[in-house]
Structures are given as C-alpha cells and as structure tokens.
Amino acid sequence: MDRPNIVWFLVEDLSPHYLSLYNEGKGADTPNVRWLAQNGIIYTNAYSNAPVSSAARTTLITGCYAPRFAGSFHRKLESVPLPDGLRMFPSYLRDKGYYTCNASKTDYNVKLDETAWNEIKGPMDLWRNRPNKDQPFFFQRNNGDTHESCLQFNKETYRTVTPRHSTDSVFLHPTLPDTDLMRYTYATFYDRIEDADKELGSLIDMLRADDVLDNTIIFWFGDNGGSLPGTKGYTDDIGIHVPLVVYVPERWREKLNVKAGSIVKDIVSFMDFGPTVLNLAGVEIPKQMDGKPFLGKSRIEKEDFTVGYGDRFDELYAFNRVLRKGKFRYARNFQPYHSQSLFAFYRYKQLAFREWKDLYRENGLNEIQQSFFKPFEVEELYDLEQDPFEKNNLANNPQYKKILESLRRQLCKYLVEKNDLGFFPETVILEEAMDNPAGWGRENKKRIGRFIDLAQMQIAVSSEDVQDELLSGLRSEDPVERWWALTTCSYWGQRAINLKPEILPLLDDERSFVRSRALVFLSLTGERFSKSDVMAILDNVRTGSETLLILNDLTYLYESGLIEPFELSGEELKMKCSGVAWRLQYLNSYVRAVDWNDRWEVIYKKKVICI
C-alpha cells in the first residue's frame with residue numbers, strides 16, 4: 001500500500017501577520033516556507049483554537065475541543081485524562097505500521113499516552129532511527145527560535161545588539177505604539193523567524209538526502225499566535241490565527257486533488273490537524289475526535305466555523321470564547337469588567353510590553369492603542385477582511401445586529417453541546433472531575449446551560465425580569481451558579497445595586513470563590529475592604545487553584561484602585577499552586593515600590609520579595 005510520510009514542522013508563537021508570504025511582501029521573508037507553498041498549499045484561515053502552547057498542543061494531539069475535558073488551562077496544575085476511549089492520534093498511526101517520532105517537545109495538558117510515540121524529544125533527524133527504511137513515518141519537529149522568550153531581552157541587549165533586520169523596514173501593526181523599542185522588538189522577531197526558516201531548509205535537505213522528500217507531506221505552521229505584546233495569550237485574531245503551509249510532493253498531488261501553489265481560504269483549526277493526518281495515512285478517524293480532515297481522499301464535510309478558547313494562562317484567569325465564521329470573528333468575554341491587560345508575569349517580561357503599559361499610564365497612546373488597557377466589551381464583532389487588526393468593533397452597529405445575534409446563538413449552542421468546562425472555576429474541576437472530566441462534563445450539561453443563561457444576562461438590558469433571574473442565581477444551592485450570578489452583577493455594577501442586600505451575606509459563603517466575587521461586586525458599588533477581609537476568604541480555600549483565583553480577583557481590585565494594597569506573603573496562604581508566587585510578586589510591588597519604574601525592578605529583577 002502506498003502511504004506518505006508526514007512531517008509537522010511547528011514554529012513557536014507565530015501568526016501570519018508577521019510574514020511577507022501573507023502580507024503582500026510586508027513582514028519577515030521565509031524562502032524555504034515559500035518553496036513549500038510553491039509546491040503545495042497556503043491556508044489563509046488556520047486557527048490554533050487556543051492562544052498559548054499547552055492548550056493548543058492538547059488540541060493538536062487529541063483532535064478535540066479541549067475545554068470539554070479541562071485541557072485548556074495553561075499551565076496544567078494536574079494532567080487531565082483523555083476523553084473516554086480516545087488515544088493521542090499518533091497511536092493510531094503506529095497501529096497501522098507508522099514510525100512516530102517527536103523531536104524536542106510534547107507540552108500537553110493531558111496525561112501522556114505511552115502508545116503515541118516510538119521516540120520523543122530526540123534530534124531533528126529522529127525518523128532515521130526507524131528499523132526498516134521502507135517504513136512510513138510521522139515526524140514532528142518543534143522549532144523554538146521564535147518563542148516569546150526571544151523578545152524578553154534586557155536593556156543592555158537593546159542598547160548594544162543590532163538586529164539583522166532594519167527597524168525602519170518592519171510592518172508595524174496599528175494596535176501598538178510606534179517607538180524605537182517596539183520597532184527593535186519587531187526587527188528581533190523577524191531575525192528569529194528567519195532563523196526558524198533556515199532550520200526548515202536544513203530539514204528539507206535531510207529529507208532530500210534520504211531520498212524520501214518525494215513521498216513526504218510537510219505541514220509547516222505556528223503553534224499559536226504571537227509573539228509581540230498583546231498577541232500570545234490573548235484570544236484576539238492575532239493570538240489564535242496561525243500560518244499553515246502544506247507541501248505536497250508531485251506524486252501525491254493528483255491523488256489528493258491538489259494544485260501546486262494553490263491558496264485555500266477554508267477555515268481549519270488544530271482540532272482538524274490530527275484527523276487530517278489520519279486521513280492522509282488511510283487510518284480510520286476515531287468518533288471521539290471533534291475535528292474533521294481538510295485534506296485527503298476521504299474528506300468529510302466539516303463545519304464552516306471554528307471556536308477559540310482562553311481560560312487560564314499561567315496565573316491569569318481569563319474566560320473568553322470566540323467564533324470565526326466566514327469573514328467575521330465574534331468574541332464573547334465572560335468577565336467583561338476586566339481589562340484585557342490584567343497583569344500576567346510572563347507576558348510583561350518583554351520590555352516593549354512594559355513600555356506599552358507605561359505609555360498608557362502617561363496618556364501617550366491613541367484610541368486604538370489604548371483599547372487593550374480598557375475593560376472588555378462584553379461582545380465583539382469584526383469583519384476581518386476589512387479590519388484584520390480588529391480596530392472597529394461592530395457589535396453595537398445596528399447594521400450588523402442579525403449577524404451578531406446569529407453568531408451569538410451559534411457559539412452558545414456549541415458551548416452547551418461540547419459541555420464546556422470553562423464555566424466551572426478550575427478548583428471545582430480539580431476537586432470533582434479529575435477521574436473523567438469529559439464524562440463529568442456530560443453529567444453536568446444542564447448546569448453549564450444554566451451558567452450560560454446567567455452569563456448572557458450581561459448582554460441584556462437591565463429589567464425586573466433579569467434581576468429576578470439574577471436573584472434566583474444568588475439564592476441557588478449551587479455555588480457555581482451563585483458565582484456566575486455575582487460575575488454578571490459585577491459587570492452591571494451600580495445597575496445591580498438593588499441586589500446588594502442579597503450579596504452582602506455571600507461574603508460568608510461556604511465557598512471562597514463565591515466570597516471573592518461578592519467582594520468584587522461590593523467594591524465596585526462603593527464598599528471598601530482590608531487585608532483582614534481578604535484573609536477571611538483565603539483562609540477558607542480548598543485548593544491552591546482557589547487561592548490563585550482569589551488572587552486574580554485581588555489583582556483586578558488593585559489595578560482598579562478599589563482596595564488599599566497590603567503586603568501578603570506565601571507563608572500566610574493556606575494553600576498554594578504554580579503561579580501564586582508570580583501573583584504575589586506583582587501584588588506586593590504595590591507596597592514595596594515607590595513608582596512604576598521601581599515596580600518593574602521589584603517584579604522582575606533584583607528585589608525578590610515573596611517566595
């Protein structure tokens with residue numbers, strides 16, 4: 001049987017917005033990727049679903065909508081089980097005789113399937129280890145040259161190291177300020193993209209030298225969007241839109257109905273990549289997978305949309321869902337009183353990111369550049385063909401009302417159908433669902449529907465009927481329902497002031513995540529609290545995740561000036577987890593630093609204050 005070899009070459013933290021191949025010559029040049037495209041297909045609407053590595057890779061390796069089994073929290077606090085009866089997709093390739101190997105990186109939020117790989121984390125020519133040189137192989141290479149960390153250079157590097165690319169030549173995006181530092185950051189990123197392309201060229205040469213290139217299909221793509229400020233880690237289009245080029249050797253083009261140099265505008269996503277590889281290899285696609293193949297002999301009709309998701313990114317809890325359909329991107333921000341810019345330690349390690357925030361504080365940005373630091377819109381709608389950088393939110397434009405309502409319904413229906421576990425605080429999942437998250441989600445479908453109903457009241461115009469529904473939520477026996485009612489009340493702020501008598505007792509709720517969200521609402525409506533009030537909440541937590549969620553609320557209160565900052569040490573916390581130290585480092589900077597210049601030093605450099 002004639003079967004192709006299949007190679008995945010992943011480039012970290014890269015969206016098509018930085019590539020000349022996708023922007024009429026504006027951006028970094030990638031001659032080896034261009035060669036792949038000339039001999040294959042450019043996909044213009046490929047999506048990673050999640051804007052950060054572990055969640056996106058979990059989607060890739062499972063072919064599934066990761067929030068339905070709690071695989072979308074980055075970084076994992078515990079590895080979650082795979083959905084019932086499902087294996088990682090390379091395992092099915094091995095069943096059919098493929099040699100599967102992964103050079104350098106796994107990074108999944110699910111427990112590793114030991115049957116998936118013959119070899120993992122080896123050199124770039126790992127496929128050469130197969131015992132039979134006639135054996136087909138699936139090889140994955142992860143290139144880290146473009147990883148976000150490459151832009152976390154220090155002031156000395158900025159002062160003394162000159163990028164190969166000219167700072168005058170970069171394609172500066174309108175969402176970011178035009179400064180010397182920002183241009184330097186762009187030019188540095190272009191250099192790293194060029195380095196990654198050179199490694200791709202080396203891989204192509206190896207395949208050619210082994211006389212297997214003419215039987216190897218190569219997927220080249222970004223592992224998520226990024227990597228300039230406001231991209232990776234955020235569900236804007238630039239955070240989840242990835243470049244995808246598929247090289248198809250001549251002997252396979254007629255079989256796959258592929259014309260060299262073609263451009264495909266169909267929407268594809270990481271949920272579809274695994275099923276597509278299985279389809280190319282002639283392997284049956286498991287029913288448990290959510291994705292559909294977009295290339296191969298047995299293409300299955302797939303949805304004309306995809307859904308993106310953001311839950312937790314390191315210590316930052318955000319809850320966003322987006323739907324891309326046709327030329328439109330619809331976004332739903334479920335904690336819309338937050339700003340998108342709520343502090344995240346790893347993101348702000350970039351000097352350019354800090355400069356962006358400093359310029360906002362100094363009123364040095366235009367309206368578009370400021371939007372990242374303002375509270376979310378509860379809904380967003382963009383025409384990406386006309387507005388690729390999402391400058392003009394159409395959600396409140398009457399001309400687009402029908403489109404908005406249609407996409408809203410479609411997204412909500414999808415979230416219920418998939419039993420989206422993002423509607424639960426992570427602590428609840430860790431406490432109750434870890435034996436079988438996907439099965440637990442199915443058992444709690446009705447609850448998820450109810451939480452969505454409460455969240456959708458953020459969109460409604462305040463009325464007695466809506467307040468009655470929120471009142472019912474506040475009085476519910478389900479703590480997560482109470483939490484969602486409080487989240488919506490927090491968005492309403494003073495518009496929900498009539499519910500204040502019902503909310504005050506929730507400061508003594510049995511669950512700390514409910515108490516914390518009650519404290520947010522009450523702070524927004526004029527009450528003032530102190531460290532002792534916060535400690536009463538933190539002393540009642542059940543997991544480190546619950547501590548982290550409360551510190552997230554506290555970060556919002558600090559940044560909004562709604563509570564007087566206080567010192568908080570790790571020793572004072574009942575339970576901790578990964579990310580807590582970063583949160584404390586930031587929160588304590590409000591006490592230890594005299595101004596923002598000093599604060600950056602406290603957070604990142606010499607003044608370690610809270611381990």
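For the single chain, residues carry numbers from 1 onward in sequence order.
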Inset, instruction - Check step by step if side-chain hydrogen bond (donor to acceptor under 3.5 Å, both in side chains) holds for T306 and N49. - result: CA-CA 8 Å; T306 194; N49 300 102; 3.2 Å; yes

Worked verdict on Y330 versus E379 for side-chain hydrogen bond (donor to acceptor under 3.5 Å, both in side chains): CA-CA 7 Å; Y330 169 76; E379 292 183 298; 2.5 Å; yes

- side-chain hydrogen bond (donor to acceptor under 3.5 Å, both in side chains) assessment of R332 paired with Q456: CA-CA 10 Å; R332 182 67 172 86; Q456 289 303 84; 2.9 Å; yes

Apply salt bridge (charged side-chain N to carboxylate O under 4.0 Å, His left out) to the pair D387 and K327, showing each step before the final yes or no.
CA-CA 10 Å; D387 184 19; K327 64 180 182 177; over 6 Å; no

Should D107 and S53 be marked as a side-chain hydrogen bond (donor to acceptor under 3.5 Å, both in side chains) after you check the CA-CA gap, both sets of side-chain angles, and the distance that decides it?
CA-CA 7 Å; D107 194 22; S53 57; 3.0 Å; yes

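Salt bridge present: D311 and R321 bring a charged side-chain N and a carboxylate O closer than 4.0 Å. Salt bridge D290/R68: present, at least one basic N to carboxylate O contact under 4.0 Å. Between E148 and K349 there is no salt bridge, since no side-chain N of the basic residue sits under 4.0 Å from a carboxylate O of the acidic one. At a threshold of 4.0 Å, the pair R75-D314 does not count as salt-bridged, since none of the basic side-chain nitrogens sits closer than that to a carboxylate oxygen. The existence of a salt bridge linking R450 and D453 is excluded, since no basic side-chain nitrogen approaches an acidic carboxylate oxygen closer than 4.0 Å. Classification of K198 and D145 as a salt-bridged pair fails, no side-chain N sitting under 4.0 Å from a carboxylate O. The existence of a salt bridge linking K232 and D13 is confirmed by a sub-4.0 Å separation between a basic side-chain nitrogen and an acidic carboxylate oxygen. Looking at R329 and E380, a side-chain N of the basic residue comes within less than 4.0 Å of a carboxylate O on the acidic one, giving a salt bridge.
Summarising the local packing, CG of D180 is surrounded by 12 or fewer heavy atoms from other residues, nucleotides or ligands at distances under 6.0 Å. Atom CD of E24 is surrounded by 12 or fewer heavy atoms from other residues, nucleotides or ligands within 6.0 Å. Heavy atoms of other residues, nucleotides or ligands lying less than 6.0 angstrom from CD of E367 number 12 at most. Within a 6.0 Å sphere centred on CD of E362, other residues, nucleotides and ligands contribute more than 12 heavy atoms.
Counting only heavy atoms from C-beta outward, the side chains of V264 and T44 never approach each other to under 4.5 Å. Under the 4.5 Å side-chain criterion, counting only non-hydrogen atoms from C-beta, Y47 is in contact with D237. Looking only at side-chain heavy atoms (C-beta outward), N552 and L554 stay at 4.5 Å or farther from each other. Contact check for C64 versus M271: no side-chain heavy atoms found under the 4.5 Å cut-off. Using a 4.5 Å heavy-atom cutoff, the side chains of L19 and D29 are not in contact. In this structure, I603 and Y348 have side chains that are not in contact, with every pair of non-hydrogen atoms separated by 4.5 Å or more. Contact of the R141 side chain with the E199 side chain is registered, since non-hydrogen atoms from C-beta on lie closer than 4.5 Å.
The aromatic rings of F343 and Y604 sit tilted, their planes meeting at an angle between 30° and 60°.
In this structure, the ring of F294 has its center less than 6.0 angstrom from the ring center of Y43. In this structure, the ring of F373 has its center less than 6.0 angstrom from the ring center of W356. Aromatic ring centres of Y234 and F313 lie farther apart than the 6.0 Å criterion allows. In this structure, Y22 has its ring center no closer than 6.0 Å to that of H17.
Evaluation of the side chain to side chain donor-acceptor pair (under 3.5 Å) test over residues 184-194, restricted to residues two or more places apart or in two chains, returns R164-E194, H165-D191, H173-Y186, R192-D195. Residue pairs meeting the ring-ring contact (aromatic ring centres under 6.0 Å, His included) criterion with at least one partner in residues 402-423, sequence neighbours excluded, are Y65-Y414, F305-Y414, F319-F423, F334-F423, F423-W484.
Side-chain atoms of Q152 come within 3.5 Å of backbone N or O of Y346 as a donor-acceptor pair. In terms of modelled atom types and a separation under 3.5 Å, the side chain of T146 and the main chain of E12 share a donor-acceptor contact.
There is a side-chain donor-acceptor pair under 3.5 Å between S54 and H74.
A cation-pi contact, defined as under 6.0 Å to the ring centre and within 45° of the axis, is absent between R57 and F270.
Legend: residues meeting side-chain hydrogen bond (donor to acceptor under 3.5 Å, both in side chains) with S545, ordered by chain and number and at least two apart, are Y317.
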